[in-house]
Amino acid sequence: EKICTLIELIESGRKGSELHLEDGVRAERFPDNLLLSRPLPKGQLRGSKQPAPAISQTIPGPGTYPVVEANMEIVLEETSTAAYHKTDDRELLLDLAKISFPLLLRSVLPGEKFHPFGGPGRKKISRYFNERQIPSKDRQAWPVLLSGDRVIAVVGLQLDHNFRITTDTRKALSIRWRDCN
């Protein structure tokens, strides 16, 4: 019965689906594999994984800032739009004149919205995560970048439409989200 359930998870399970087995063993479905683990501390047999630590960090200006909670770093570099060359899929480019430092890098709040670049209007970030198939366990460790009280980007994924580069843009800010290694 357990083997049939595991086969069903592999064949038809959604990415990020979990199956809880005996003795705290967990099977988790990924796009290319199935991970079997016992992630909970000894003596704790069932339940969800511990949530990722919340992120809250002030970004005073361009530079490289480690984000220890996510084992990542955010790199902000001022550039001209003429000299810009995208180096990474997780890199975003915004109009520097539309923001003011310091910026705030923090975890997403429940119900928080932004206007995805090129989209028709505002959308809950949780819905955006669903559409991008970001596993629920990774969402708390996925930061947003704010200027004042406005979300300017879901870091590494999407820029808010209001901060996009236009023909009037003179200076831009490149935002890269990368592994610390």
Correct closest heavy-atom pair for P60 and P102 would be CA-CB, 4.1 Å
When rounded to the nearest 0.5 Å, the distance separating CD of E28 from CG of L19 is 11.0 Å
Run the side-chain contact (heavy atoms from CB on, under 4.5 Å) check on N71 and D179 step by step: do they pass? CA-CA 7 Å; N71 196 29; D179 293 320; over 6 Å; no
Only residue of V67, L157, V154 satisfying side chain to side chain contact (heavy atoms under 4.5 Å, CB included) with W177 is V67
d(L105 CG, I55 CD1) to nearest 0.5 Å is 6.0 Å
message: Please determine whether a side-chain nitrogen of the Lys or Arg among R106 and E112 lies less than 4.0 Å from a carboxylate oxygen of the Asp or Glu.
response: yes
Just say parallel, tilted or perpendicular for the rings of W142 and F129, cut-offs at 30° and 60°.
tilted
**Q.** Residues K2, E22: salt bridge by 4.0 Å N-O rule
**A.** yes
Distance col, row R26:CZ vs E18:CD, nearest 0.5 angstrom, shows 4.5 Å
query = Can L103 and L146 be said to form a side-chain contact (heavy atoms from CB on, under 4.5 Å), step by step?
reply = CA-CA 6 Å; L103 302 177; L146 293 93; over 6 Å; no
Sorted by chain and number, sequence neighbours left out, side chain to side chain contact (heavy atoms under 4.5 Å, CB included) with S100 holds for S147
Taking every heavy atom of G121 against every heavy atom of P116, the minimum-distance pair comes out as O-CD, 3.5 Å
Checklist line | Under 3.5 Å: donor-acceptor pair, side chain of T169, backbone of K171 | finding: no
> In terms of side-chain geometry, is the basic nitrogen of R176 or E77 positioned less than 4.0 Å from the acidic oxygen of its partner?
Replying inline: yes
One should read off an interatomic distance between Q57 CD and S107 OG, to the nearest 0.5 angstrom, of 11.0 Å
Check your understanding: In terms of hydrophobic clusters joined by side-chain contacts under 4.5 Å, are L93 and V75 together?
Key -> no
Would you say that L76 contacts F101 through its side chain, given a criterion of any heavy-atom pair below 4.5 Å between the two side chains? yes
F117 meets the ring-ring contact (aromatic ring centres under 6.0 Å, His included) criterion, sequence neighbours left out, with H161
* Asked: Are E91 and R178 ion-paired here, with the side-chain N under 4.0 Å from a carboxylate O?
  -> no
What's the verdict on side-chain contact (heavy atoms from CB on, under 4.5 Å) for I175 and L94, showing C-alpha distance, side-chain angles and the deciding distance? CA-CA 8 Å; I175 303 168; L94 61 87; 3.3 Å; yes
TODO: Could you tell me whether the side chain of V151 reaches within less than 4.5 Å of the side chain of L145, counting heavy atoms only?
DONE: no
Exercise. Check whether any side-chain heavy atom of N162 sits under 4.5 Å from a side-chain heavy atom of R150, and report yes or no.
Key: yes
message = Surrounding NZ of K98 (heavy atoms of other residues, nucleotides or ligands, distance under 6.0 Å), is the total greater than 12?
response = yes
The reported gap from CD1 in I152 to CG in L104 (rounded to nearest 0.5 angstrom) is 10.0 Å
Tightest non-hydrogen contact, residues T64 and E73, listed as CG2-OE1, 3.5 Å
Shortest non-hydrogen pair, I165 vs A172, comes out as CD1-CB, 3.7 Å
- Would you mind reporting whether I74 and Y65 have side-chain heavy atoms less than 4.5 Å apart? yes
**Asked** For H115, does its backbone N or O pair with a side-chain atom of D160 as donor and acceptor, under 3.5 Å?
**Response** yes
Sorted by chain and residue number, the side chain to side chain contact (heavy atoms under 4.5 Å, CB included) partners of A153 (sequence neighbours excluded) come out as L92, L159
Separation between NZ (K113) and CD1 (I125), nearest 0.5 Å, reads 11.0 Å
Review point. Taking the side chain as C-beta and beyond, is there a heavy-atom pair between Y128 and K124 under 4.5 Å?
Key: no
- Walk me through it: do I99 and L173 pass the test side-chain contact (heavy atoms from CB on, under 4.5 Å)? CA-CA 10 Å; I99 65 165; L173 185 69; 3.7 Å; yes
